[in-house]
Amino acid sequence: MANHREDHATIDLMTTGNAPYVARDLAHVWHPCTQMKDHEQNVPLIPIRRGQGVWLEDYSGRRYLDAISSWWVNLFGHAYPRIIAALREQVDKLEQVILAGFTHEPVIELSEALVAIAPEGLTRCFYADNGSAAVEVAVKMSFHYWRNVGRSAKRRFITLSNSYHGETLGALAVGNVELYKEIYQPLLMDVITVPSPDCYEREAGESWAEHSRRKFAHMEATLARHAHEVAAVIVEPLVQCAGTMRMYDPVYLELLRDACNRYEVHLIADEIAVGFGRTGTMFACEQAHIRPDFMCLSKGLTAGYLPLSAVMTTEAVYAAFYDEYEKLNAFLHSHSFTGNPLACAVARACLGIFREDNVLERNRALAAHMGARARELEEHPHVAEVRQRGMIVAIELVRDKATRAPYAWQERRGLVIYRHAIERGVLLRPVGNVVYFMPPYVITPDEIDLMVEVAREGIELATCG
Ligand SMILES: *Cc1c(COP(=O)(O)O)cnc(C)c1O
């Protein structure tokens, strides 16, 4: 750190190992969620040749601490021996088979294991291969359920403002992040949007629980008015991750579960980002002691090793589709790689690690350390809030701390932090003006210190002018 100058010189030299890959990539690869022109100047493209634990290594030998778990998917670091062993073992037996009419041990065992740890009553598992597809499945299943039970007027969905549920058209429609959604609006189904219980917006002196409870009035009123035409309410339990890691109190979920029962509306819990220990419990819903009607899982489901997703649901939902073939009540939805054996074998191994290694217990100490270090930034003149839920910590930057006036998005303050962190060997990827940490669970306290220190430097740089 003392040799900041020298560091820069070294980087320039070292990155020459990356150069050939960057040139070849930019000739043909169109990257996700990227303005490709940014790679000319603003954003370096970094080719990664290997990963080990929390570290990624590029072709010049530079290492980057993966503070965002490779886009929120990785749980136990890269190249984790037990996961690799599980994958090796399965690949020698069976790499893929059609799941219609056929089955295999990994998908059976994974389903048993998921049912055993999910909120009680979620006994049926439907598989897809990414998070958005799981959301599509839940949305279609809920709609189709109401049709099968003779209530086909129930075909709309209620969503929260600032929510995110993926990028395919159905998932995009039930989400609410402007940046991703606005352009495609003409293609999307019409949903009912209710104000988020986001506790960043709480009044001075108001507790998280009070705020979330107060915000529930909007949901209650909307359900009272629209329940007859609503199939389901979809939420990200506790943390709206893509919506800049905004958080709310579990009481909201308790109230929502109760209201969905009263109004006969399904509750879809999108635990794609928050599931598998991210918020401190295995599933975020547990903190509200509720069982959703549909629970969408992906990302950490395979510890971030292979694409897989699951929608878990109840016997009641399952039963509404179980009928004579001629009734045409079956759920005729499929993806080529539904229940892929390799992905299921890895997911099964991942759940084994949770069981055997007391992961949630160990994470408590890590989360406490990460939160304590991050909260040291609360005093910073451009930090409005440091918030945390388990293994997710977010730092909200503002132009004016007193009024909480945000920085204009065009200023791209987060990009300054991203670039600084990359130079210092940490992969941070702020969303808007929010810097966050969502590291793999194998991070050490020293690595947490490094991650927070680099974020602090980045914040200094990004807010000094
Ligand atoms: C990432 C995410 C999705 C979409 O998953 P993909 O695999 O990227 O399609 C859906 N919902 C939430 C809450 C997510 O964070």
Side-chain angles (χ1 to χ4, degrees), residues 31-34 68-75 126-142 157-177 179-181 184 188 191 193 196-198 232-248 252-253 256 267-279 283-285 292 294-312 333 335-340 343 346-347 350 389-392 394 429-432 434 436-438:
H31 290 265
C33 205
T34 299
I68 61 161
S69 296
S70 290
W71 243 353
W72 319 346
V73 298
N74 191 292
L75 300 186
F126 192 95
Y127 292 93
D129 46 23
N130 65 75
S132 304
V135 170
E136 301 283 341
V137 165
V139 162
K140 284 177 71 177
M141 253 186 199
S142 175
F157 292 86
I158 296 178
T159 182
L160 295 177
S161 61
N162 194 46
S163 60
Y164 178 88
H165 298 290
E167 309 278 354
T168 56
L169 294 178
L172 201 57
V174 296
N176 191 245
V177 177
L179 180 63
Y180 306 127
K181 181 168 177 176
Y184 305 102
L188 305 180
V191 298
T193 307
S196 165
D198 172 7
V233 177
I234 181 166
V235 295
E236 294 157 275
L238 302 187
V239 188
Q240 297 187 309
C241 294
T244 70
M245 303 291 163
R246 294 293 177 85
M247 301 176 183
Y248 59 91
Y252 192 88
L253 296 172
L256 181 59
L267 174 55
I268 302 174
D270 176 352
E271 295 239 7
I272 290 165
V274 295
F276 301 101
R278 273 294 162 199
T279 66
F283 301 109
C285 281
F294 300 91
M295 185 163 79
C296 301
L297 304 172
S298 190
K299 293 199 166 116
L301 174 59
T302 60
Y305 279 63
L306 285 170
L308 181 70
S309 63
V311 177
M312 300 186 70
H333 179 109
H335 296 286
S336 308
F337 286 100
T338 293
N340 172 259
V346 165
C350 164
R389 182 70 70 180
M391 290 295 283
I392 306 174
R429 202 171 188 279
V431 272
V434 174
Y436 70 89
F437 308 119
M438 213 200 261

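Both ligands and their constituent atoms are indexed starting at 1 by order of listing.
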- Can you check whether Leu160 reaches Gln240 side chain to side chain, under 4.5 Å on heavy atoms? yes

- Message: Under a 4.0 angstrom heavy-atom cut-off, which atoms of ligand 1 come close to Ile272?
- Response: 2 (C), 3 (C), 10 (C), 11 (N), 12 (C), 14 (C)

- Enumerated ligand 1 atoms positioned under 4.0 Å from heavy atoms of His165: 10 (C), 11 (N)

- Query: Looking only at distance, does Ser132 have an N or O less than 3.5 Å from an N or O of ligand 1?
  - Reply: yes

- Task: Start with the C-alpha gap between Glu167 and Tyr180, add the side-chain angles, then the distance that decides, and say whether side-chain contact (heavy atoms from CB on, under 4.5 Å) holds.
- Result: CA-CA 8 Å; Glu167 309 278 354; Tyr180 306 127; 3.9 Å; yes

- The one among Ser309, Ala128, Pro32, Gly131 that brings a heavy atom closest to atom 5 (O) of ligand 1: Gly131

- Given ring-ring contact (aromatic ring centres under 6.0 Å, His included), test Phe337 with Tyr127 step by step and report yes or no. CA-CA 9 Å; Phe337 286 100; Tyr127 292 93; over 10 Å; no

- Task: Show your reasoning for whether side chain to side chain donor-acceptor pair (under 3.5 Å) applies to Arg278 and Ser69.
- Result: CA-CA 11 Å; Arg278 273 294 162 199; Ser69 296; 2.8 Å; yes

- Query: Asp129 and His335: side chain to side chain donor-acceptor pair (under 3.5 Å), yes or no, with the steps?
  - Reply: CA-CA 8 Å; Asp129 46 23; His335 296 286; 4.7 Å; no

- Item | Min heavy-atom dist Trp72 to ligand 1 below 4.0 Å | yes

- Note on the structure: Counting from 1 in the order shown, the ligand 1 atoms closer than 4.0 Å to a non-hydrogen atom of Gly166 are 4 (C), 10 (C)

- Item | Validation row: Val233, Phe157 side chains within 4.5 angstrom (heavy atoms) | no

- Note on the structure: Quick note on ligand 1: atoms under 4.0 Å from a heavy atom of Glu236 include exactly 13 (C)

- At a 4.0 Å threshold, what atoms of ligand 1 neighbour a non-hydrogen atom of Asp270? 10 (C), 11 (N), 12 (C), 13 (C)

- Heavy-atom distance under 4.5 Å between the side chains of Met438 and Met391, does that happen here? no

- Answer with yes or no whether Lys299 contacts ligand 1, where contact means a heavy atom under 4.0 Å from a ligand atom. yes

- Note on the structure: Per side-chain contact (heavy atoms from CB on, under 4.5 Å), Tyr436 is matched among Ile68, Thr244, Val239 by Ile68

- Message: Does the protein place a non-hydrogen atom closer than 4.0 angstrom to atom 9 (O) of ligand 1?
- Response: yes

- Task: Considering the heavy atoms of Ala273, write down every atom of ligand 1 situated less than 4.0 Å from one of them.
- Result: 15 (O)

